Structure formats: C-alpha cells, structure tokens
Asker: 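Sharing a structure with you now.
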Amino acid sequence: MMMEDLLIDYTIKAIESLYGQVVLKSAIATQKTRKEFEGDFTLVVFPFTKISRKSPEQTAEDIGNYLKNNINQINSFNIVKGFLNISFKNTYWVDFLKRISTKENYGCLKSNLSAPIVIEYSSPNTNKPLHLGHIRNNLLGWSIAEILKANGNKVVKVNLVNDRGIHICKSMLAWQLLGNGEEPTEKLKGDKLVGKYYVAFDKAYKEEIKTLIENGLTEEEATKKSPLILKAQEMLQKWEAGDADTIALWKKMNSWVYAGFDITYKTLGINFDNTYYESETYLLGKKLVTEGVKNKAFDTKEDGSVWVNLTNDGLDEKLLLRSDGTSVYMTQDIGTAQLRYDDYKPEKLIYVVGNEQNYHFEVLKLVLKKLGKEWAKNIFHLSYGMVELPEGKMKSREGTVVDADDLMDEMIRTAKEKGNELGKAEGLTTEESELLFKQIGLAALKYFILKVDPKKNMMFNPEESIDFNGNTGPFIQYTYARIQSIFRKAKENHIVINNYPLETSINSKEKELIKLLYEYPKTIKEACDTFSPALVANYIYELAKEFNQFYHDYPIIKEEDKNICSFRLALSEKTGKVIKSAMHLLGIDVPEQM
RNA sequence: GGCCCCAUAGUUCAACGGAUAGAACGGAAGUUUCCUAAACUUUAAAUCCAGGUUCGAUUCCUGGUGAGGCUACCA
C-alpha cells in the first residue's frame with residue numbers, strides 16, 4: 001500500500017543498476033510533490049549526482065526512466081532542476097480509495113502484544129482548582145494516549161494526585177482559622193472553595209511577614225518564623241504522624257476537591273484508567289530513599305536531611321528528605337514511579353509535565369538509576385511548553401490564572417451566541433442545541449490548544465484567541481456536518497454508492513483529496529513517534545480545507561453522471577470518516593449537523 | 001552567575017537539510033436564483049543580527065541581541 005516504500009526500493013535498485021553503487025535507504029528523500037508542480041511524489045536527486053557524475057537533470061532522467069519501466073502504476077514523470085516529480089496513474093488513486101473505503105479503522109494499527117505504555121497526565125494539586133495550564137496538559141495527555149493506541153499500543157492512562165504536602169496544609173489551616181465551617185455549594189464547588197482558602201492563607205501569611213519585619217525581623221527570619229507557616233509545618237508533621245483530627249480534616253477537604261475536579265474532567269471529556277495518590281506513595285518513596293542511604297547512594301547531613309549528590313552528572317545536590325523527616329516532591333515521585341512500575345511492568349513510562357520541570361525529571365531519572373532501577377531508562381518526560389497570557393505568566397497569587405471551568409463556560413457561551421446568530425440551532429430541541437454548542441465551544445478550545453507543537457510555549461489571549469472561522473475546530477466540524485448533510489440528502493433521493501468503475505477520470509481536486517487520505521496513516525505514525533497531536537490537527541485542517549474547495553467547485557449528489565456521482569459520494573464518505581477518526585484522536589466530537 | 005528552551009507576515013501558528021517559506025485571524029476586493037456562506041475566490045504582508053558547514057540552511061555549528069524557564073528543606 002505504501003507507494004513511497006516501493007519508490008524508495010526501486011530507487012535503490014535504479015542507482016545500483018545505473019551507476020553500480022548501493023545507497024542507503026536513509027539517503028533517499030521522497031516527499032509529496034508541491035502543489036505548484038505536476039506530480040504525486042517527488043524524489044530529490046541532488047544527493048546522487050556525486051555517484052552518477054552527471055548533472056542533476058540527467059540523473060533524474062535516468063532514474064525516472066528506470067522507475068517508469070519498473071513500476072507499472074507510474075504514469076509519467078517530469079524534472080524540475082534536481083527534483084524528479086512522479087505521477088501515478090489515475091486508476092492507482094481510484095483503486096486506492098476503493099481499497100480503503102471498506103477499511104473500518106483506516107490509519108490505525110492492530111494492537112500489539114507488548115507491555116503497556118503508562119502515561120501520566122493532569123497531576124493536579126488538591127489545594128487549588130484546575131487552570132488553563134492543566135487544560136493543555138489534560139488535552140495533550142488524553143490525545144497522546146489515543147494516538148498511542150491508534151498505533152497499536154496498549155495504554156494505561158493514570159492520574160497522579162498530589163493530595164499531601166505543605167500546600168494542602170495551608171488551605172486546611174486557613175479553613176480552620178477563617179472558614180466558619182463553610183462547605184461547597186452549587187455556586188462554589190469544592191476545588192474552588194479549597195482554592196479560596198489557599199489564597200486566604202497566602203494573604204494572611206504575607207501580612208504576618210510584613211508585621212514581623214516592622215517589628216525588627218529580617219525578611220528571611222520573618223518568612224521562616226511566622227506563626228502561620230510554623231503552624232502549617234506542624235500540621236504537616238501531624239499529618240505524617242497520622243493525627244486523627246488532621247487526617248479527618250484532610251479527608252474532608254480533599255473529597256470536596258475531587259468532586260470539583262470530576263466535574264471539570266467530565267466537561268473536558270477526559271478520563272483515567274487509574275489514579276495514584278501521593279499520600280499512598282510517599283512512604284514507599286521514603287523507604288527507597290532510606291535504602292539508598294544504606295547503600296551509600298545518598299548522603300545524610302548533620303541536621304538529618306538526606307541529599308543526593310549529582311555533581312558528577314553535571315547537576316547539583318538535591319534534597320530527598322527534609323531535616324524534620326518529611327518528604328518532598330522528589331521523594332514522592334520516587335515512590336510513585338516504583339509503584340507504577342510494579343503495577344504494570346510497562347514498556348515505557350510517560351510523564352506529561354510542563355517544561356518548567358525538565359530539571360526535576362533529569363534528577364528523578366538519575367536518582368532511580370542510583371537506586372539501581374534498570375527501568376529508569378524507560379521514563380520519558382513529555383515536556384510541553386507553558387501557556388502564556390498577554391500580560392505574562394499565569395500566577396495564582398496575582399489572580400492572573402485562567403480558570404478551567406470559567407474558560408470552558410465562556411467558550412460554550414460564545415459558541416451559543418454565534419450559533420444562534422447564524423441560526424445553527426434551527427430545528428433542534430433545546431437539549432440538542434445545548435449539546436451542539438457545547439461540542440462547538442469545546443472544539444474551538446481543544447483545537448486551538450492542540451494545533452500548537454506541544455514542545456513550544458504558546459500564547460493564549462482570552463479576548464481574541466478563540467475563533468470559529470479559519471483554521472479552527474468548528475471549521476472542521478462544519479466540514480464534517482456538511483458531508484453528513486450530503487448523505488441525508490442522498491438517502492432522501494435514494495442515491496447510493498455503487499461500484500464505480502476504475503477508469504473514472506478524476507479531476508485535480510478529487511485526486512488531491514485521495515492523496516490527503518493516503519497521508520493519514522503516515523500522519524498518525526509520525527504523531528505517535530513525535531508525541532505530537534499538532535501533526536494530526538494540522539492534517540485534518542488540510543483535509544477539511546481541501547474538501548471544502550472540492551465541495552464548492554463540484555456537484556456531488558447533483559452530478560448527473562451516475563458513476564461520477566457515486567465516486568464523489570464514496571470520496572466524501574471516506575473523507576468524513578477520516579475527519580471523525582482524526583478528531584477523535586484529539587478528543588473532539590463532531591456533530592452531524594451544524 | 002550557571003544550566004535549559006525559544007526567536008518566522010500587524011497577530012497567532014506551519015514548514016524529515018530541499019523547489020518561489022505555508023496557513024489562519026486582522027487589512028483590501030469579490031462570490032449566495034447552485035448539495036449548509038462557521039464556506040469559497042483574489043490581493044498586500046515575514047525567517048532577530050553576524051559568521052561558518054553544505055550542491056542547497058528557517059532548519060545544523062559558533063558568536064551576539066532579545067524574551068521565557070530552572071537553579072527552594074515549594075510542587
């Protein structure tokens with residue numbers, strides 16, 4: 001099926017036969033022929049001119065002739081400078097469409113039998129609600145998991161909830177001191193409530209520091225000696241000691257947060273196969289660190305704190321246990337990693353975590369290696385870029401965070417507003433139109449975020465970032481809905497797809513569409529190899545745009561020639577299916593009508 | 001200070017070392033007795049600077065400039 005592999009094989013044979021040299025597969029570059037030239041695939045012949053000792057044009061001529069004589073699907077070729085543009089016969093493309101039109105999961109590979117890939121994403125803290133940064137994380141994690149599955153991998157999606165630590169104690173303490181027993185309501189869901197007290201703590205803490213400085217303490221002293229922070233630290237120690245009241249409060253407040261997160265996750269349309277809690281993994285982490293001390297992998301300082309020395313690896317020393325014996329982020333991650341390995345014996349452990357933690361993961365891998373964990377090499381930090389706002393980085397303390405729930409609500413509201421203006425809800429029940437606008441609003445958001453290369457930082461301007469026209473989720477949804485509309489009309493008129501003849505002469509738009517459909521499996525493969533949903537997103541956009549041009553230029557069910565009509569229907573149907581399939585990989589629903 | 005990333009139209013994003021650097025939004029101008037105009041068509045507009053490697057550099061290397069991130073007994 002993959003014509004390019006055939007081209008490459010025959011190019012190797014051509015060079016061997018013509019010039020008597022064997023070249024490596026990797027030395028051969030094929031690409032889609034650019035639109036302004038005639039052809040389907042292009043072979044770059046510059047690298048072979050040293051072997052042929054001829055001009056690029058002559059070399060291309062030689063190879064072109066060889067290929068045409070040996071591959072019967074080739075119709076013709078032309079040469080522009082050192083570029084050999086090869087055209088296949090129309091029957092090849094029509095036949096290709098015919099072959100894939102019956103394939104159910106076109107583009108996806110059958111699942112293989114190897115060990116699963118565990119992918120961690122989301123990883124929230126239970127002291128504040130989810131924000132825009134988490135949205136990028138969640139969308140990437142979910143999408144990459146789907147892309148891995150589409151490539152035949154077994155995938156386990158896991159969440160790691162950071163449900164313990166000093167930051168949670170801060171919320172707990174503030175609620176105890178200032179909360180008056182406040183509980184979550186319809187209006188203020190649990191994660192928001194707990195977040196409110198986290199902010200309240202920070203405010204009170206800052207005020208306290210200010211007062212202490214006025215009373216003559218240095219800033220450093222004030223920061224360390226403030227009664228509030230001491231109380232929070234005391235609370236953490238009590239928590240680790242299993243103090244009943246502290247644990248009860250902790251459980252209560254965390255349960256509020258989980259109920260709040262569930263709503264956010266559900267609206268966003270993501271889920272997990274398993275959830276880990278750091279409260280359940282940190283002890284294992286401590287145990288492993290203690291073992292490491294015994295084995296002299298780590299050092300204990302005078303005050304009792306435990307450190308790992310990574311200066312030989314070009315890094316610094318890193319704290320693994322505080323002097324008071326409590327664990328830190330790294331301690332927990334060591335335990336979590338071990339537990340996860342024990343649970344799944346995975347082929348790979350992927351962590352979807354922002355690039356601000358590149359250093360952390362470098363250290364984590366080295367620490368695990370020092371502990372003798374062979375599988376540390378299977379850890380892959382999928383490091384994605386920050387989401388920036390026009391005013392700079394999001395800072396929760398400065399109130400510049402974009403809340404996940406608010407953002408989604410806003411998107412859906414805008415979709416509804418614009419949709420109603422355009423009369424998109426006509427003929428739909430209230431329930432149907434609510435669903436439609438939710439699908440459209442979320443598509444706009446998800447596509448906007450996923451179309452950007454994960455590795456890169458991206459800009460998000462709430463005012464003007466989200467659009468419903470052009471290179472957007474709704475544009476693609478609209479294209480899909482148009483295709484479904486064609487089939488509703490076709491059904492009404494009893495038009496069906498018959499066995500269109502192979503000799504159908506196809507026009508350039510039709511051929512271009514088939515060629516794009518041909519690209520789909522390669523796109524999924526590459527998206528998997530590079531962990532980039534953006535490649536899928538950009539692909540669907542190309543496909544949708546091409547279809548809209550085709551739709552604009554040529555009649556489909558109004559075409560009078562029955563064979564052509566049937567062929568165009570088949571082409572439209574497959575395009576719709578690929579759009580739906582690819583959008584699913586991004587976690588975006590497509591409506592039947594809009 | 002040290003380490004890491006990034007720099008492309010006015011703006012937000014594309015481009016395995018390959019052809020004349022693609023899109024979208026915004027700007028200008030058009031298309032609806034025709035399968036959904038959230039569409040389609042035309043148009044103006046960009047590779048931070050200086051070197052190097054290469055047949056060929058937005059892409060690789062070196063040096064600048066500029067913006068982020070990390071460098072916590074925070075996570």
Side-chain angles (χ1 to χ4, degrees), chain A residues 26 29-31 33-37 42 44-47 49-50 56 80-83 85 123 125 127 162 165-168 170 224 233 278 301 303-307 314-316 318-324 326-330 332-333 354-360 362 383 385-386 388 392-393 415 418-419 421-424 440 444 448 451-453 455-461 464-465 467-472 474-479 481-490 493 526 530 534-535 537-538 541-542 545 548-549 551-559 568 572 593-594:
Chain A
S26 56
T30 59
Q31 53 191 276
T33 302
R34 295 182 62 143
K35 274 192 176 169
E36 58 266 41
F37 304 102
T42 294
V44 184
V45 301
F46 289 108
T49 51
K50 274 187 188 145
V80 182
K81 292 190 248 173
F83 299 92
N85 301 319
S123 325
N125 295 347
N127 63 329
N162 186 353
I166 189 75
H167 50 292
I168 283 100
K170 288 177 181 177
K224 284 188 174 166
Q233 281 163 357
E278 293 200 347
K301 294 214 169 165
D303 61 4
S305 56
V306 177
W307 298 73
L315 303 179
D316 266 327
K318 185 82 188 173
L319 179 84
L320 297 178
L321 277 179
R322 292 195 187 94
S323 52
D324 66 3
T326 55
S327 71
V328 291
Y329 182 42
M330 188 62 72
Q332 290 150 201
D333 259 9
N355 63 15
E356 59 193 349
Q357 292 192 33
N358 286 354
Y359 184 76
H360 172 81
E362 227 179 304
S383 162
M386 300 286 95
E388 285 158 12
K393 213 197 163 185
K418 292 197 179 178
E421 253 172 54
L422 292 165
K424 294 293 181 185
I440 295 171
F448 182 85
K451 77 173 174 182
V452 180
D453 182 341
K455 290 196 289 293
K456 293 190 175 172
N457 288 357
M458 65 178 291
M459 174 60 67
F460 186 91
N461 185 339
E464 49 192 63
S465 276
D467 217 319
F468 295 82
N469 302 320
N471 186 358
T472 67
F475 169 86
I476 295 160
Q477 288 179 316
Y478 176 69
T479 310
R482 270 182 151 180
I483 292 171
Q484 303 323 302
S485 171
I486 292 169
F487 281 92
R488 281 193 297 273
K489 288 259 158 63
N493 296 302
E526 204 185 340
T530 57
L535 297 178
N538 290 324
Y541 175 62
E542 281 300 313
K545 198 165 68 148
N548 274 321
Q549 290 168 10
Y551 179 93
H552 180 268
D553 292 350
Y554 299 99
I556 299 169
I557 51 178
K558 297 218 165 167
E559 169 59 45
R568 288 181 182 164
S572 304
Q593 189 181 332
M594 75 180 264

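What you see is a predicted model, and the numbers here were worked out from it, not measured in a lab. Lettering of chains follows the sequences in order, A, B, ..., and the numbering in each one begins at 1. Just so you know, these numbers use all the heavy atoms, side chains as well, and skip hydrogens, waters and symmetry mates.
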Asker: NA contact type, A/Tyr551, heavy-atom cut-off 4.0 Å: base, sugar-phosphate, or nothing?
Answerer: base

Asker: What's A/Ile166 touching, base or sugar-phosphate or nothing? Going by heavy atoms closer than 4.0 Å.
Answerer: sugar-phosphate

Asker: Given B/C35, is OP1 or OP2 found less than 4.0 Å from the side-chain N or O atoms of A/Ser485?
Answerer: no

Asker: What's the closest nucleotide to the A/Asp316 side chain, out of B/C73, B/U71, B/A19?
Answerer: B/U71

Asker: Would you mind classifying the nucleic acid contact of A/Pro47 as base, sugar-phosphate or nothing, using non-hydrogen atoms under 4.0 angstrom?
Answerer: base

Asker: From the options B/A7, B/C16, B/C4, select the nucleotide whose nearest atom is closest to the side chain of A/Asn358.
Answerer: B/C4

Asker: Assign A/Phe83 to base, sugar-phosphate, or nothing according to its heavy-atom contacts below 4.0 angstrom with the strands shown.
Answerer: base

Asker: Looking at B/G56 and A/Phe46: do their rings stack (centroid distance under 5.5 Å, interplanar angle under 30°)?
Answerer: no

Asker: Hey, does A/Ala534 reach any base, or is it just sugar-phosphate, or nothing, if we go heavy atoms under 4.0 Å?
Answerer: nothing

Asker: Taking only N and O in the side chain of A/Arg34, is any of them less than 4.0 Å away from OP1 or OP2 of B/A21?
Answerer: no

Asker: Can you check whether any acceptor in the base of B/C55 is under 3.5 Å from a donor in the side chain of A/Thr49, or vice versa?
Answerer: no

Asker: Between B/C73 and B/A23, how many Å separate the two C1' atoms, rounded to a whole number?
Answerer: 50 Å

Asker: Please work out the stems of RNA chain B from pairs that are Watson-Crick or G-U wobble with both distances under 3.5 Å, keeping only runs of three or more consecutive pairs.
Answerer: B:1-4 with B:68-71, B:10-13 with B:22-25, B:27-31 with B:39-43, B:48-52 with B:60-64

Asker: Check every atom of B/C40, B/C35, B/A19 against the side chain of A/His552 and return the nucleotide holding the closest atom.
Answerer: B/C40

Asker: Checking all strands, does A/Tyr554 fall into the base, sugar-phosphate, or nothing category for heavy-atom contacts under 4.0 angstrom?
Answerer: base

Asker: Regarding A/Gln357, tell me which of base, sugar-phosphate or nothing describes its non-hydrogen contacts under 4.0 Å with the strands shown.
Answerer: base

Asker: Would you say A/Lys545 reaches B/A39's phosphate, i.e. side-chain N/O to OP1/OP2 under 4.0 Å?
Answerer: no

Asker: On the side chain of A/Lys451, is there an atom forming a donor-acceptor pair with the base of B/A14 - under 3.5 Å, no angle test?
Answerer: no

Asker: Compare the minimum distances between each of B/C13, B/A38, B/C25 and the side chain of A/Met459, then state the nucleotide with the smallest one.
Answerer: B/C13

Asker: Is any side-chain nitrogen or oxygen of A/Gln549 closer than 4.0 Å to OP1 or OP2 of B/U41?
Answerer: yes

Asker: Considering only atom C1', compute the distance from B/C61 to B/U53 and round it to an integer number of Å.
Answerer: 7 Å

Asker: Of the nucleotides B/G68, B/C35, B/C70, which one has an atom closest to the side chain of A/Asn457?
Answerer: B/G68

Asker: Identify the heavy atoms of A/Asn355 and A/Ser383 that sit nearest to each other, and give their distance.
Answerer: CB-OG, 3.0 Å

Asker: Are OP1 or OP2 of B/C35 and a side-chain N or O of A/Arg568 less than 4.0 angstrom apart?
Answerer: no

Asker: So what does A/Gly419 touch, heavy atoms closer than 4.0 Å: a base, only the sugar-phosphate, or nothing?
Answerer: base

Asker: Indicate whether OP1 or OP2 belonging to B/A38 is found under 4.0 Å from a side-chain N or O atom of A/Lys424.
Answerer: yes

Asker: Under 4.0 Å, heavy atoms only, any strand: does A/Gln593 hit a base, just the sugar-phosphate, or nothing?
Answerer: base

Asker: Test for a donor-acceptor pair under 3.5 Å between the base of B/A19 and the side chain of A/Asn85, counting only N and O atoms.
Answerer: yes

Asker: Compare every heavy atom of A/Lys451 with every heavy atom of A/Asn538, then report the nearest pair and how far apart it is.
Answerer: ND2-O, 3.9 Å

Asker: Tell me whether the side-chain N/O atoms of A/Lys489 come closer than 4.0 Å to OP1 or OP2 in B/U36.
Answerer: yes

Asker: If you assign A/Lys418 and A/Lys455 each to the RNA chain B nucleotide with the nearest heavy atom, which residue ends up on the more 5' nucleotide?
Answerer: A/Lys455

Asker: Do A/Thr479 and A/Asn548 have side-chain N/O donor and acceptor atoms under 3.5 Å apart?
Answerer: yes

Asker: On RNA chain B, compare the nucleotides closest to A/Thr42 and A/Asn355; which residue's is nearer the 5' end?
Answerer: A/Thr42

Asker: For B/A39, take OP1 and OP2 only and decide whether either is under 4.0 Å from a side-chain N or O of A/Asn469.
Answerer: yes

Asker: Assign A/Asp553 to base, sugar-phosphate, or nothing according to its heavy-atom contacts below 4.0 angstrom with the strands shown.
Answerer: nothing

Asker: Please determine whether any donor N or O and acceptor N or O are separated by less than 3.5 Å between the side chain of A/Thr472 and the base of B/A38.
Answerer: no

Asker: Across the strands shown, which category fits A/Ala490 at heavy-atom distances under 4.0 angstrom: base, sugar-phosphate, nothing?
Answerer: nothing

Asker: Identify whether any heavy atom of A/Met458 sits under 4.0 Å from a base atom; if not, whether one sits that close to sugar-phosphate; answer base, sugar-phosphate or nothing.
Answerer: sugar-phosphate

Asker: Please tell me which of the listed nucleotides, B/G18, B/G68, B/U12, lies nearest to the side chain of A/Phe448?
Answerer: B/U12

Asker: Stacking between A/Tyr478 and the base of B/A39 (centre distance under 5.5 Å, interplanar angle under 30°)?
Answerer: no

Asker: Does A/Val44 reach a base, just sugar-phosphate, or nothing at all? Heavy atoms under 4.0 Å.
Answerer: base

Asker: Select base, sugar-phosphate, or nothing to describe what A/Leu321 touches, counting heavy atoms under 4.0 Å on all strands.
Answerer: nothing

